[in-house]
Amino acid sequence: MKKIGLYLFTNDLRINDNTLLHRASQLVDELLCVAIEPKLSTYSIRLSQEQENGAHRHLFIKQATDDLALSLARLGQRLFVLERNKSEDLVQLVKSQQMTHFFASSHCAHDERQLIKDTLTQCPDLLVFQQHHTTLFESDAFPFELSKLPRSFTKFRLQVEHLEIETEERVITYLPPAPHSTTGSYREPTLRLDDSKTGDYVGGEMAGLTHLENYFSRDYAGTYKQTRNALDGLENSTKFSPWLALGCVSPKTIYRHLKQFEAHRGANDSTYWIYFELLWREYFYWKCLTLGTSLFGRDSKDLFNKQLLDTAAGASFAKWKSGNTNYPIVDACMRQLNATGYMSNRGRQLVASCLIHELGIDWRHGAAYFESQLIDYDVASNWGNWAYIAGALNPQAPQNANKQSAANQSQSKSRHFDLVKQTEMYDPEHTFINKWHREDEASTSTRYQDAI
Ligand code: FAD
């Protein structure tokens, strides 16, 4: 009997360091490569008050998918794109093609896991292959059960940072052909024509690997710890996040380059700190997996029992989104986000703190707006960081609350940044603030001229 497989690309839009795709290439006679276009969920539409993903995020995803289609075409394959993330569409593909094998990256987020679960329930005869391959570690490498994931980052880091990381990459030189009879929306491989619109960030594995090589070919990694908090500047932090988020580049590939950099130019605090930050990403990933829907605050009734935002809060939220709060540092960061789809880590902390503490708006609105705009939107890192700043990362069942250790209690406190002090520290000359206030004035006057 012919073995026919479906490979579902989700957060792993790449050919390199893709062990699951490599496995598929060896196991089946025909392979249908499928991707699903990420859309804003109904929950996030409601909270963000945006109807769809922002232009920068949309373009970055499109470029990444185009690039994958091009790489697949080089291997004689095609990319079939599903517009809806509905299990019915996947089931229909599986049944119409009489698929025997199913391959998909294991995911940490509830909705993505549910999609696969629903599909597999309706196709019980499929042989299923899944793997967490957008992380540094597999869960079975940990010295603890996932259900006992340490509550704080520090405890997690201390238990995992010395574990060995497998970095050998399998090169894919062959893929089985696509089934002949599939008709539908294949993504035609196109050369990228609209790169200029994304400025510094172009989606896709090729651009991601080029960025990685450029970054480590200079000395930036050797001074990362001193520069990483800057609000601006391509070279000040790694800017790996957009490609990591869509899985165009794997964290193991980054780790391998980091180790090579250390071997050639020496290890120091800064090179360790890049690994340290990748461990934050790892922590949020496994946290997201273990928390399920409670990470999104979806289980708590309070948000939807009352009117979503009253008139005053609705107006403040709109001003926060457009960068018009009258907190100059916050406005500059939000304008940067709207103009580029990216914001520095320091900026994200400040605008989140402002939304929660200065404007008194529920953190979930901010998280959902970030989801719609960030080119590096990653479900675990985004909702995890927002919940961390809001003090909501470790939801505590009331009956256990009094058993909490002092350390855990402090981790559950929200983080409030003093915006004046932070401006003095990170933008003392107001260079960043002035840049984004000027940019905004320029675009307003252009819009005004256009209107005339
Ligand atoms: P670098 O400083 O160079 O760090 C290297 C890598 O480590 C990053 O690419 C990223 O993968 C990881 N990393 C660094 N800081 C964090 C962190 N705090 N949490 C998790 N991983 C981290 N990151 C995302 O990738 N996607 C998101 O949607 C996202 N949303 C965020 C929302 C808020 C409110 C906050 C405070 C942070 C968020 N972050 C998110 C984390 C962090 O801001 C970005 O990863 C970082 O700014 C990306 O820039 P970089 O690649 O230059 O990071």
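Each ligand, and each atom within it, is numbered from 1 in the order the structure gives. Keep in mind that what you see is a predicted model, and the values were worked out from it rather than measured. In this chain, residues are counted from 1 in sequence order.
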Polar atom proximity, [X] to ligand 1 (N or O, under 3.5 Å):
X: Tyr377; result: no
X: Trp386; result: no
X: Ser237; result: yes
X: Ala352; result: no

Notebook entry, point to check: With a 4.0 Å cut-off on heavy atoms, does Tyr283 reach ligand 1?
Noted result: no
Heavy-atom nearest neighbour in the protein, as seen from [atom], with distance rounded to 0.1 Å:
atom: atom 22 (C) of ligand 1; value: Glu277 O, 3.7 Å
atom: atom 42 (C) of ligand 1; value: Asn345 OD1, 3.3 Å
atom: atom 35 (C) of ligand 1; value: Asn385 CB, 3.3 Å
atom: atom 6 (C) of ligand 1; value: Leu278 CD2, 3.9 Å
atom: atom 50 (P) of ligand 1; value: Lys239 N, 3.5 Å
atom: atom 4 (O) of ligand 1; value: Tyr224 OH, 3.3 Å
atom: atom 23 (N) of ligand 1; value: Ser381 CB, 3.6 Å
atom: atom 3 (O) of ligand 1; value: Thr238 OG1, 2.6 Å

Under a 4.0 Å heavy-atom limit, does [X] contact ligand 1 with its side chain, its backbone, both, or neither?
X: Leu374; answer: side chain
X: Leu244; answer: side chain
X: Ile389; answer: side chain
X: Trp383; answer: neither

Under 3.5 Å, is there a donor-acceptor pair linking the side chains of [X] and [Y]?
X: Asn53; Y: Ser372; value: no
X: Glu235; Y: Thr227; value: no
X: Tyr7; Y: Asn18; value: yes
X: Gln422; Y: Arg346; value: yes
X: Tyr285; Y: His132; value: yes

Next item on the list: Hey, could you give me each pair passing salt bridge (charged side-chain N to carboxylate O under 4.0 Å, His left out) that has a residue in residues 240-256? Not counting sequence neighbours.
Entry: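 Matches after skipping sequence neighbours: Glu169-Arg256.
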Show which atoms of ligand 1 fall inside a sub-4.0 Å distance from at least one heavy-atom site of [X].
X: Ser241; answer: 9 (O), 25 (O), 48 (C), 49 (O), 51 (O)
X: Phe284; answer: 19 (N), 20 (C)
X: Asp376; answer: 24 (C), 25 (O), 26 (N), 27 (C), 28 (O), 48 (C)
X: Gln349; answer: 36 (C)
X: Tyr342; answer: 47 (O), 48 (C), 49 (O), 50 (P), 52 (O)
X: Asp378; answer: 26 (N), 27 (C), 28 (O)
X: Arg281; answer: 11 (O), 20 (C), 21 (N)

Next item on the list: Verify salt bridge (Lys or Arg N to Asp or Glu O under 4.0 Å) between Glu50 and Lys321, making sure each step is shown before the conclusion.
Entry: CA-CA 10 Å; Glu50 297 290 312; Lys321 290 202 293 185; 2.8 Å; yes
Least distance between heavy atoms, [X] atom then [Y] atom:
X: Phe317; Y: Leu309; result: CD2-CD1, 3.7 Å
X: Ser44; Y: Glu371; result: OG-OE1, 2.8 Å
X: Arg14; Y: Glu205; result: CA-OE1, 3.4 Å

Item checked: Any Leu244 side-chain heavy atom under 4.5 Å of Asp378 side chain ->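 Counting from C-beta outward, Leu244 and Asp378 never come under 4.5 Å.
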Next item on the list: Decide yes or no on side chain to side chain contact (heavy atoms under 4.5 Å, CB included) for Leu278 and Phe240, but give the supporting numbers first.
Entry: CA-CA 10 Å; Leu278 288 172; Phe240 295 153; 5.7 Å; no
Note to self: Going by ring-ring contact (aromatic ring centres under 6.0 Å, His included), Phe153 matches just one of Phe284, Phe276, Tyr388. Which one?
What the structure shows: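 When ring-ring contact (aromatic ring centres under 6.0 Å, His included) is applied between Phe153 and each of Phe284, Phe276, Tyr388, only Phe276 qualifies.
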Item checked: Verdict with supporting geometry, Trp243 and Leu212, side chain to side chain contact (heavy atoms under 4.5 Å, CB included) -> CA-CA 10 Å; Trp243 293 281; Leu212 182 66; over 6 Å; no
